[in-house]
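Right, one structure below, let's go through it.
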Amino acid sequence: MELNSILVQNSLNKLSSNSNPKWGVMSSSQMLYHCNTFIDVSLGVRKINFFIRVFSRLFFRYFFLRYLNSIDFDISKFSKNSSTLPIFKSFPESIDFDEEKNKLVRNIKKIEGISSEKIDHQMYGTIPTSTLEKLVSFHTSYHLNQFDLI
């Protein structure tokens, strides 16, 4: 499924701060924060540890991207409750639900607005922008599906 900011916004209109996931332990606020962190790391807005960046570029670049291409970015083929890197599962004590909802729509618009053919991803190195779009769409769709929004 390819996401766009309008689809994300329409989906998020069905989400509330007390929505329960179909699986997993994240609250709806944590899920939004998690999705935003994923995009912020992808765009270099939020920096990751040097060692994680080097390790990821050496190992994840090839194996993880190859794995995602093998499942053709289909969320139904990605296992529920899959492991998450620590940077993506640490949450502040208080998360502003409405701010995170609005930020997610703004972040999707940022991804849509990238005009270059390639982007430097902190974890995967230089990748085609289309791959970044697929990664963000896949990841966000996975979590919207987790909360039965798509």
Using the test side-chain hydrogen bond (donor to acceptor under 3.5 Å, both in side chains), find all partners of [X] that sit at least two apart in sequence or belong to another chain.
| X | value |
| --- | --- |
| Q122 | none |
| S17 | none |
| E99 | R106 |
| E133 | none |

Among all residues two or more places apart in sequence or in another chain, which pass the side-chain contact (heavy atoms from CB on, under 4.5 Å) test with [X]?
| X | value |
| --- | --- |
| D148 | K22 |
| S94 | none |
| K110 | L43, N107 |
| S29 | S27, I95, F97 |

Review point. For residues 8-17, which residue pairs qualify under salt bridge (charged side-chain N to carboxylate O under 4.0 Å, His left out), counting only residues two or more places apart or in two chains?
Key: none

Check your understanding: Any donor-acceptor pair under 3.5 Å linking the side chain of N145 with the backbone of S141?
Key -> no

Review point. Do the rings of Y33 and F91 sit parallel, tilted or perpendicular, given the 30° and 60° boundaries?
Key: perpendicular

Check your understanding: Taking the six-membered ring for Trp, are H139 and H143 parallel (under 30°), tilted (30 to 60°) or perpendicular (over 60°)?
Key -> perpendicular

Contacts of type salt bridge (charged side-chain N to carboxylate O under 4.0 Å, His left out), residue [X], not counting sequence neighbours:
| X | value |
| --- | --- |
| K101 | none |
| D96 | none |
| E112 | none |

Revision key, fill the gap. Of L149, L104, I150, the one forming a side-chain contact (heavy atoms from CB on, under 4.5 Å) with V8 is L104

Practice item. Verify side-chain contact (heavy atoms from CB on, under 4.5 Å) between Y124 and L135, making sure each step is shown before the conclusion. Key: CA-CA 11 Å; Y124 307 119; L135 278 170; 3.8 Å; yes

Check your understanding: Given I39 and I108, is the side-chain contact (heavy atoms from CB on, under 4.5 Å) satisfied, shown in steps?
Key -> CA-CA 8 Å; I39 295 170; I108 297 296; 4.0 Å; yes

Practice item. Could you tell me whether I114 atom CD1 has more than 12 heavy atoms of other residues or ligands within 6.0 Å of it? Key: yes

